[in-house]
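Counting starts at 1 for both ligands and their atoms, following the listed order.
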Amino acid sequence: MLVVGGGSTGAGVVRDAAMRGFSAILLERGDLATGTTGRFHGLLHSGGRYAVKDPVAAVECVAENAILRRTAADCIEDTGGLFVTTKWDDPAFGDEFERGCRETGVPIEEIPVDEALRLEPRLDPTISRAFTVPDASLDPWKLVSGCARSAREHGARILPYHRVLELERRNGRVVGARVDNELTGEEVWIRAEVVVNAAGAWAGQIAELAGCKVTVLPGKGIMIAMNHRLVNTVVNRCKPPADGDIIVPIRTVSVIGTTDTRVADPDELEVTQQEIDEMLDEGEKLVPGFREARALRVWAGARPLFSAEDVSDTREVSRSHALLDHAERDGVEGLITITGGKTTTFRLMAEAAVDVVCARLGVDRPCRTHEEPLRGSEEGRFYWLGSRVQAREPVPRSEEIICECELITRDRLKAAMVTRPTTNLDDIRRMLRLGMGPCQGGFCIYRATGILHAYERLDSRAANASLLDFLQERWKGVHPILHGDQLRQASLDDWIFQGLLAVQHLPE
Ligand SMILES: Cc1cc2nc3c(=O)[nH]c(=O)nc-3n(C[C@H](O)[C@H](O)[C@H](O)COP(=O)(O)OP(=O)(O)OC[C@H]3O[C@@H](n4cnc5c(N)ncnc54)[C@H](O)[C@@H]3O)c2cc1C
């Protein structure tokens with residue numbers, strides 16, 4: 001079997017096929033997950049977004065969300081999701097939303113607004129309703145590479161940087177493909193009994209190589225990554241899907257999205273200033289002050305929206321998937337197209353496609369991808385923001401860095417406190433070089449004070465005094481040379497100590 005397209009769908013298909021004992025090859029023109037899958041919003045849908053407008057897609061998301069939580073846990077951060085009614089949204093939609101979720105099986109609970117604000121303190125405090133749903137954040141690169149690795153372990157070949165140039169037809173049957181190795185320039189012919197076209201927004205182009213017309217409307221969406229986790233939960237506006245109405249926390253950043261504009265070519269995705277401004281304005285409606293965070297990067301992806309007819313508004317096209325058996329549809333044997341859908345439903349799409357292949361080849365080989373977890377997900381543990389630090393620091397906190405400039409760990413600091421029994425941080429500075437590097441104590445000294453306070457059981461008056469003495473001592477050396485970058489650093493320290501910590505007004 002030849003699978004064209006190395007996004008979530010193709011990776012899912014090749015894994016499923018290999019697990020069912022097919023000899024399978026995946027062809028991707030670039031690296032894996034560099035198409036739409038690597039450019040998506042990062043949301044493992046609960047189904048809530050589609051509960052009212054697209055119930056078929058919602059039902060699929062409900063089932064797949066639960067399956068992926070079991071089988072691909074290591075690719076998921078279980079952030080949870082909130083749908084909130086802001087003052088710009090119709091409050092009556094909340095009831096429709098709740099009804100839609102109940103009808104499609106999306107687990108939902110309305111919670112009091114003050115509870116939602118406790119969960120997400122940055123949300124606009126004027127929100128009038130809040131619902132929880134099991135949305136989560138999904139790492140597409142981990143997911144696709146996990147599927148590819150599993151496929152390889154079951155005997156498949158994964159060929160990134162291999163572009164399909166031509167599909168060979170013989171007697172009304174697709175029998176293989178002419179493929180260009182994009183790294184070496186070498187061209188090869190690969191024979192196959194079945195070709196599965198999983199080329200997403202490019203699926204129309206691949207089908208055309210076999211003389212079949214498939215209308216996939218590329219729906220462009222832009223997203224902007226902001227420099228913080230402005231929210232820790234996936235936050236959706238409670239209204240019919242529109243532009244800029246979801247913020248997804250992903251690792252250390254948060255991503256606002258998205259738009260939906262029909263474009264002619266999935267490889268030509270221009271981002272306009274107007275789209276960026278609209279996106280940031282919408283962010284402001286959910287999280288006041290959104291625009292004051294730093295926008296790190298904007299990018300766009302192309303939704304593979306399959307449509308039986310030509311429509312201009314791509315939001316109207318279902319987010320459910322399309323499975324086309326070209327033998328039935330166009331009289332072309334040996335070619336299956338699987339497109340549309342969501343990354344959330346990629347496994348289901350793969351299962352459906354490989355089921356058709358089995359039926360065509362007259363074999364009965366059941367799917368197992370809903371049961372067999374990906375490597376790393378066997379124990380069903382989700383990743384969380386601190387997992388990478390935890391992996392490097394198996395004994396929690398023992399290697400925690402307290403002073404980044406001088407690489408002083410918590411354990412070294414505590415050892416210094418033991419060997420040099422002193423409550424004076426300036427004494428410890430001389431022993432460890434604590435606070436002697438470029439930030440001059442800006443980031444480490446309040447941490448060290450906290451540790452000293454807990455360790456020596458100092459009362460707050462003594463701990464505060466130790467902190468203030470240290471700062472005073474540092475300031476004496478910094479004050480005469482305040483210019484250029486040193487002035488900037490000192491201003492930052494000043495904001496931290498006076499602005500954030502209000503050291504002049506510490507509680508007694
Ligand atoms: C803006 C945006 C936000 C989204 N957000 C979400 C979300 O939060 N959650 C969610 O579940 N879904 C989301 N989606 C939908 C989801 O991203 C897509 O449905 C999914 O990624 C499609 O995966 P795919 O594998 O079918 O396509 P792709 O990932 O695009 O893979 C197709 C691959 O085919 C390759 N290809 C093309 N031509 C050839 C050729 N000639 N030879 C070899 N290879 C070729 C391409 O390079 C590409 O890598 C979003 C989509 C967009 C656009």
- prompt: Looking at Ile206, which atoms of ligand 1 are within less than 4.0 Å of one of its heavy atoms?
  reply: 40 (C), 41 (N)
task: Please check if any side-chain donor atom of Thr344 sits under 3.5 Å from a side-chain acceptor atom of Glu64, or the reverse.
output: no
statement: The answer for which part of Ala302 has a heavy atom under 4.0 Å from ligand 1 is backbone
- request: Measure the distances from the heavy atoms of His162 to every atom of ligand 1 and state whether one is below 4.0 angstrom.
  value: yes
task: Using a cut-off of 6.0 Å, state whether more than 12 heavy atoms not belonging to Glu208 lie near its atom CD.
output: no
task: Please could you name the atoms of ligand 1 that Ala198 approaches to less than 4.0 Å, counting only its heavy atoms?
output: 32 (C)
message: Using a 4.0 Å cutoff against the non-hydrogen atoms of Thr258, which atoms of ligand 1 qualify?
response: 1 (C)
field: Distance-only N or O hit between ligand 1 and Arg163, under 3.5 Å
entry: no
- request: Provide, to 0.1 Å, the distance between atom 14 (N) of ligand 1 and the closest protein heavy atom, together with that atom's residue and name.
  value: Lys342 NZ, 3.8 Å
task: For the residue pair Thr369 and Arg347, confirm or rule out a side-chain donor-acceptor distance under 3.5 Å.
output: yes
- line: One should read off an interatomic distance between Leu323 CG and Asp355 CG, to the nearest 0.5 angstrom, of 9.0 Å
message: Pairing donors with acceptors under 3.5 angstrom, does anything connect the side chains of His370 and Thr71?
response: no
message: So if I count the atoms of ligand 1 from 1 in the order they appear, which ones are less than 4.0 Å from some heavy atom of Gly35?
response: 29 (O), 30 (O), 48 (C), 49 (O)
- request: Say whether Thr34 and Asp31, considering side chains only, have a donor N or O and an acceptor N or O under 3.5 Å apart.
  value: no
field: Arg251 NZ/CZ over Tyr383 ring centroid, <6.0 Å and within 45° of normal
entry: yes
Shortest protein heavy-atom distance from atom 23 (O) of ligand 1, along with the residue and atom involved: Thr37 OG1, 3.1 Å
statement: So for Leu43 against ligand 1, with non-hydrogen atoms under 4.0 Å, the contacting part is both
- prompt: When you check the side-chain N and O atoms of Asp245 and Asn236, is any donor under 3.5 Å from an acceptor?
  reply: no
- request: Classify the ring geometry between Tyr50 and His45 as parallel (under 30°), tilted (30 to 60°) or perpendicular (over 60°).
  value: tilted
statement: atom 26 (O) of ligand 1 has as its nearest protein heavy atom Thr9 OG1, 2.7 Å
query: Does any N/O atom on Thr36 come nearer than 3.5 Å to any N/O atom on ligand 1?
result: yes
field: Protein residue, atom and distance nearest to atom 41 (N) of ligand 1, heavy-atom basis
entry: Val164 O, 3.2 Å
statement: Within the 4.0 Å heavy-atom cut-off, what Thr339 brings close to ligand 1 is neither
Which residue and heavy atom of the protein sit nearest atom 34 (O) of ligand 1, plus the separation: Gly5 CA, 3.3 Å
task: Measure Pro304 to ligand 1 on non-hydrogen atoms and call it side chain, backbone, both or neither using the 4.0 Å cut-off.
output: side chain
- request: Report yes if Thr34 has an N/O atom closer than 3.5 Å to an N/O atom of ligand 1; otherwise report no.
  value: no
task: Answer with yes or no whether the side chains of Asp135 and Ser46 bring together a donor and an acceptor at under 3.5 Å.
output: yes
- prompt: Do His321 and Phe306 have ring centres separated by under 6.0 Å?
  reply: no
message: I want to check a possible cation-pi pair here: Arg29 against Tyr161, using under 6.0 Å from ring centre and within 45° of the ring axis as the test.
response: no
- prompt: In the protein, what heavy atom is nearest to atom 19 (O) of ligand 1, and what distance, to one decimal place, separates them?
  reply: Gly341 O, 3.2 Å
task: Give the single entry among Ala199, Gly42, Gly221 that approaches atom 32 (C) of ligand 1 most closely by any heavy atom.
output: Ala199
- line: Atoms of ligand 1 under 4.0 Å from any heavy atom of Gly7, numbered from 1 in the order shown, are 25 (O), 29 (O), 31 (O)
- prompt: Between the side chains of Thr337 and Asn197, does any donor sit under 3.5 Å from an acceptor?
  reply: yes
field: Among Glu182, Met223, His45, His41, closest by any non-hydrogen atom to atom 1 (C) of ligand 1
entry: Met223
- line: re atom 17 (O) of ligand 1, the protein heavy-atom contact at minimum distance is Phe40 CB, 3.2 Å
message: Check for me whether Ala201 has a heavy atom closer than 4.0 Å to any atom of ligand 1.
response: no
- prompt: Is a side-chain donor-acceptor pair under 3.5 Å present for Asp267 with Trp202?
  reply: yes
message: What protein heavy atom lies closest to atom 35 (C) of ligand 1? Include the residue and the distance to one decimal.
response: Glu28 OE1, 3.2 Å
